[in-house]
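The figures that follow rest on heavy atoms only: side chains count, while hydrogens, waters and symmetry mates do not.
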Amino acid sequence: MVALWRVTGGGIAVALALVTSVANAQSPTLTVNGVGYLQYGYQLHEDSTMTPPGHQNNFDVTRAYVNVIGKFGTLLTRVTTDIDSRKAAANQLTIRLKYAYAAWTPENSSLTYKLGLLHTSLLDWEEALWDFRMQGQMAMERGGYVSSSDFGAGIDGNFGYSKVDLQLAVVSGENYSGAPGDSRKDAMGRISFKLANSDLPGRVGGLRITAYGQYGKPTTGGQRERYLGIASYKSKKALIAAEYALTKDSISGNGAVGTIAPRAYAKGQVISAYGTYWFSPKWGVIGRVDLTDPNTDSSADKDQITRVIGGITYQLHEHLRLLADVDVTSLQGGNESNAFKTSATTGSTAYFQAQITY
């Protein structure tokens with residue numbers, strides 16, 4: 001009788017443990033986290049429009065993201081607010097949606113299906129590779145060719161412990177900061193292959209080759225094309241990466257059947273090389289060179305912008321990274337106007353920047 005009770009009691013205990021385990025596995029979780037980018041910037045060129053003439057310099061919060069993430073078994077939901085730099089009326093910060101999507105990963109599947117305002121296929125991955133978004137946008141985004149978020153549907157895939165990582169999407173094409181647009185859509189995709197391992201696991205670690213393509217039609221009609229390749233190596237101590245991209249965009253003409261004037265296009269080119277090196281877990285250096293030519297067909301149009309970035313970084317705390325850097329831009333031919341030299345997007349600037357996470 002005692003033995004029977006022990007067996008029965010043991011069975012009940014095991015059953016209760018299994019029920020509790022299953023219940024815990026299915027219990028929904030809700031987490032809140034975020035990241036903010038703080039900076040002080042000093043324009044290296046004197047602004048002659050100031051009275052008296054001088055160097056623009058300002059403290060600012062360029063971005064602040066708040067993520068609310070829910071996990072419900074195989075379903076994940078995410079809502080991210082983006083507090084942007086001063087773009088609204090009356091010089092106020094703009095609060096808008098950056099992400100708002102549902103993601104479903106079937107049991108034992110390597111694919112995740114997304115719907116809503118979601119990551120586009122390139123920048124989510126490349127910003128993780130570079131890991132210094134606080135310094136500024138990647139070359140393709142700075143050139144206005146891609147955005148980090150858009151309205152649409154997508155599939156993320158990760159195979160063989162990140163030996164192959166991909167993101168596919170069909171999106172509105174006008175980006176999260178614009179209206180959804182009309183019936184025209186953009187299709188985009190990125191695939192990354194790991195050729196050799198390093199001491200850094202995950203989807204950006206090791207020696208990799210990555211390809212990205214995008215084809216669509218903007219709301220105004222015409223074409224929008226982007227084709228890009230990246231070679232990269234990343235370990236815990238160092239990163240080195242190089243990319244080459246070709247772009248094509250409609251610039252004039254309506255292209256309608258029966259019209260006289262055909263639609264004209266601008267063919268662009270973006271070349272970027274960047275790297276980081278950590279002397280210790282706390283100290284490191286970064287460097288980057290971007291060459292952006294919006295129209296390679298026009299030899300008379302000297303519009304290529306060269307950007308050189310260099311800096312020293314220090315991990316002060318697990319949740320606080322500091323960066324002192326210079327961001328120097330020049331225009332092909334060396335004939336930059338004062339407006340070019342002192343603008344927020346093309347001006348050469350010395351920065352002290354910080355990234356906070358929670």
Salt bridge or not between [X] and [Y]? Use side-chain N to carboxylate O under 4.0 Å.
X	Y	result
K267	D293	no
R96	D82	yes
R224	E174	yes
R142	D327	yes

Nearest-0.5 Å distance, CZ of residue R78 to NE2 of residue H119: 4.0 Å
Determine yes or no for a side-chain-to-main-chain donor-acceptor pair under 3.5 angstrom, with [X] supplying the side chain and [Y] the backbone.
X	Y	result
T105	T112	no
Q43	T342	yes
W125	R203	yes
Q315	H317	yes

Would you say the side chain of [Y] lies within less than 4.5 Å of the side chain of [X], judging by non-hydrogen atoms?
X	Y	value
L129	Y274	yes
E141	E127	yes
L228	L122	yes
N295	D303	yes
E336	S330	yes

Aromatic contact, Y40 with F352 (centres under 6.0 Å): no
Salt bridge (charged side-chain N to carboxylate O under 4.0 Å, His left out) involving D325 - partner list, sequence neighbours excluded: none
Atom CG of L195 with >12 non-hydrogen neighbours under 6.0 angstrom: yes
Qualifying side chain to side chain donor-acceptor pair (under 3.5 Å) pairs with a residue from residues 149-164, counting only residues at least two apart or across chains: K114-D156, N158-S162, N158-D165
Aromatic F132 / basic R288 pairing, under 6.0 angstrom, 45° off normal: no
